[in-house]
Protein chains: 2
Amino acid sequence: MYHQEPKVQQNDLTVLRTSSLTGVIERELEHLILTGELKPGERLNEIQLSTHFGTSRGPLREATRSLQAKGLVESIRNRGVFVRSVSPKEALEIYDVRAAIFGLAGRLLADLVNDQMLTRLNAFLDQMDEIAASKNFDDYYPVNLAFHDYLVTSTGNGTLVREYKGFVNKLHLARARGLVQAGGLSVSNREHREMVDALASGNRERAQEAFFRHVERSKIRFRSTLDGETDV
Amino acid sequence: MYHQEPKVQQNDLTVLRTSSLTGVIERELEHLILTGELKPGERLNEIQLSTHFGTSRGPLREATRSLQAKGLVESIRNRGVFVRSVSPKEALEIYDVRAAIFGLAGRLLADLVNDQMLTRLNAFLDQMDEIAASKNFDDYYPVNLAFHDYLVTSTGNGTLVREYKGFVNKLHLARARGLVQAGGLSVSNREHREMVDALASGNRERAQEAFFRHVERSKIRFRSTLDGETDV
DNA sequence: CCATTGTTTATTGCCTACAATAGCAATCGA
DNA sequence: TCGATTGCTATTGTAGGCAATAAACAATGG
């Protein structure tokens with residue numbers, strides 16, 4: 001399970017000054033869930049976790065309520081709180097919504113793009129080409145993430161950023177999530193170039209469509225890993 | 001403020017069997033917020049509210065944590081929980097994201113549309129035309145709502161529905177929200193016809209764009225009511 | 001041998017009580 | 001008179017305890 005003893009330092013007042021115990025626990029739990037230390041379907045035992053964090057059950061329960069609202073766990077009355085398990089069907093739904101939001105990012109960026117941004121984006125593309133050529137999968141993933149992060153953040157639309165990240169998080173809980181991107185590293189980067197080209201053109205609709213399609217294609221790659229599934 | 005005494009019936013087991021006290025309180029609070037009985041900026045006094053609901057502070061705190069995650073309230077440590085006040089800037093952000101999601105609804109519906117659906121949609125349009133002609137604003141709003149609800153729900157994408165409704169809710173908390181739709185009833189309905197026509201054509205991109213633009217236009221109408229605002 | 005019914009136990013739901021904090025008013029010194 | 005300081009009070013943050021529930025098991029009857 002999880003190993004260290006992070007017993008919240010009551011002394012470390014600097015942290016608790018701004019964020020409550022609940023907030024600290026919530027972030028910690030979210031981390032445990034997203035890193036897979038708490039697996040989909042697993043139950044969150046209140047007593048066990050609260051002693052783990054060195055607090056009482058109150059703040060822990062508040063933290064899990066918050067995570068429930070964010071869709072990371074689900075609660076069944078008198079049974080407990082469980083890490084959510086996102087079905088393939090729901091994962092496909094999420095891909096679509098994420099595509100729409102990412103498409104909006106493209107549309108907004110088409111009006112904001114400037115030389116500095118394009119330079120930065122091209123640097124990303126070159127870096128990813130390089131990594132793709134060396135077939136070093138582990139290195140590709142974080143850069144790819146940073147690339148998307150940079151794009152989304154650059155829109156200046158905080159609501160969009162929060163939503164996008166929320167969906168990326170939820171997709172981590174999808175069952176049957178083989179290493180989706182596995183094969184198509186250079187394929188994916190060709191799509192990235194299309195996106196940047198669309199931005200450079202300054203054409204809103206074209207950029208929106210390019211961004212939208214990029215996510216839709218990764219949805220298709222995801223679906224192709226499902227073939228055997230029944231409860232889609 | 002709020003007036004009745006809904007003291008949760010401990011006897012009414014049917015309700016508590018499935019949903020917890022927290023859940024009941026959460027729905028109740030959400031209702032109070034969305035109907036404006038609890039106004040943006042107003043503080044939610046724990047003791048006052050928990051005695052109002054006839055419970056202790058625990059479940060109430062859990063409910064407010066959930067509402068916090070949903071973005072309906074914000075919490076300041078040692079100060080309390082306050083109904084969120086959505087700034088014009090954030091409202092504009094939300095309009096964009098909502099437009100993207102609604103655009104997705106159009107795109108999805110273009111592939112699902114059939115005669116039955118078109119008949120239903122045209123009935124909506126006729127009804128709204130009629131109301132618009134009689135300039136009966138109060139009647140227009142609920143039908144307009146039902147129309148959009150029908151569209152979004154018909155996509156079959158539950159994630160999309162939840163997100164869309166979440167944003168509609170948040171926009172209720174926007175400051176400076178004059179009766180946005182006020183003037184353009186028939187204008188709005190012309191856009192509705194464009195949407196339905198686009199669906200009937202079966203063209204994905206066209207439908208997406210029509211749906212997207214509809215929300216963008218209501219964003220513009222919203223912005224035009226702001227002119228004097230400084231902290232946009 | 002299986003199904004049904006009691007019993008036990010781990011765990012959650014909720015509540016009460018105490019500690020800590022922030023805002024305010026009264027007080028004090030300049 | 002004015003500002004800073006100090007206590008007071010309302011309110012939130014957290015802890016721990018009791019009651020209620022559900023799942024697992026044992027006992028009983030067919």
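The chains referred to below are lettered A, B, ... by the order of the sequence lines, with proteins before strands, and numbering in each begins at 1.
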Item checked: Salt-bridge present (Glu26(B), Arg65(B); N to O < 4.0 Å) -> no
Item checked: Integer-rounded Å distance: dT11(D) P and Ile76(B) CD1 -> 16 Å
Margin query: With salt bridge (Lys or Arg N to Asp or Glu O under 4.0 Å) as the rule and sequence neighbours excluded, what pairs involving residues 100-112 of chain B come up?
Written below: Glu209(A)-Arg107(B), Arg107(B)-Glu205(B), Asp111(B)-Arg204(B)
Next item on the list: Map Glu62(B) and Arg57(B) onto DNA chain C by nearest heavy atom, then report which one ends up closer to the 5' terminus.
Entry: Glu62(B)
Notebook entry, point to check: Of the nucleotides dG13(D), dT12(C), dT16(C), which has the atom closest to the Ser56(B) side chain?
Noted result: dT16(C)
Check: Under 3.5 Å, side chain of Gln127(B) to main-chain N/O of Val143(B), donor-acceptor pair present?
Finding: no
Margin query: Quick test of your reading of the model: are Arg57(A) and Glu46(A) salt-bridged, counting only N-O distances below 4.0 Å?
Written below: yes
Margin query: Between C1' on dA22(D) and CZ on Phe82(A), what's the gap in Å once rounded to a whole number?
Written below: 11 Å
Margin query: Tell me the interatomic distance from Arg61(B), atom CZ, to dG13(C), atom P, rounded to whole angstroms.
Written below: 17 Å
Checklist line | Gap between atoms CG and P, on Leu44(B) and dT12(D) respectively (whole Å) | finding: 9 Å
Note to self: Tell me every residue that passes side chain to side chain contact (heavy atoms under 4.5 Å, CB included) with Ile220(A), counting only those two or more places apart in sequence or in another chain.
What the structure shows: Arg223(A)
Enumerate the protein-to-nucleotides 8-11 of chain C contacts in which both atoms are nitrogen or oxygen and the separation is below 3.5 Å.
{"from": "dT11(C)", "atom 1": "OP1", "to": "Asn45(A)", "atom 2": "ND2", "distance (Å)": "3.3"}
{"from": "dT11(C)", "atom 1": "O3'", "to": "Arg43(A)", "atom 2": "NH2", "distance (Å)": "3.3"}

Margin query: Tell me the interatomic distance from Arg77(B), atom CZ, to dA20(C), atom P, rounded to whole angstroms.
Written below: 12 Å
Notebook entry, point to check: Which part of the nucleic acid, if any, lies within reach of Leu60(B) when heavy atoms closer than 4.0 Å are counted: base, sugar-phosphate only, or nothing?
Noted result: nothing
Next item on the list: Is it possible for you to check whether Arg162(A) lies under 6.0 Å from the centre of the six-membered ring of Tyr164(A), through NZ or CZ, and within 45° of that ring's axis?
Entry: no
